[in-house]
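To start, the structure under review is shown below, and the notes come after it.
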Amino acid sequence: MTGLIERLVPEELWVVFRGVVPEKVVIHPEGGGRRRAGDREVLAAVVFGATTGCTLRQFPPVPFLRRGSPRPADL
């Protein structure tokens, strides 16, 4: 899966993305809550959806797109 992520988000795009998106903030200092999804993986999912026209319901099940999670349209 790493190859797919690197193909969808090449290093040049990743550098630009990291320059405009703030660093992650630890909300639970003691480590509670759900594990945060990787920024590069989430960006790859967005790029995949934008380039293929795939809807969120058509995405394969992945940890950060769980049932009951807010969908992008709900945010």
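Predicted model, so just to flag it, every value in this text is computed and none were measured.
- With hydrophobic clusters built from ILVMFWY side chains whose heavy atoms lie under 4.5 angstrom apart, Leu4 does not share a cluster with Val46.
- Phe17 places a side-chain heavy atom less than 4.5 Å from the side chain of Asp39.
- A salt bridge does not link Arg18 to Glu11: none of the charged side-chain nitrogens sits closer than 4.0 Å to a carboxylate oxygen.
- Between Leu8 and Val47 the shortest heavy-atom distance is O-CG1, 3.7 Å.
- Checked by atom type and distance alone, the side chain of Arg40 pairs as donor or acceptor with a backbone atom of Val9 at under 3.5 Å.
- Residues Val20 and Trp14 share a hydrophobic cluster, clusters being chains of Ile/Leu/Val/Met/Phe/Trp/Tyr side chains in contact below 4.5 Å.
- Remark: Glu41 CD to Phe48 CZ distance equals 15.0 Å, nearest 0.5 Å.
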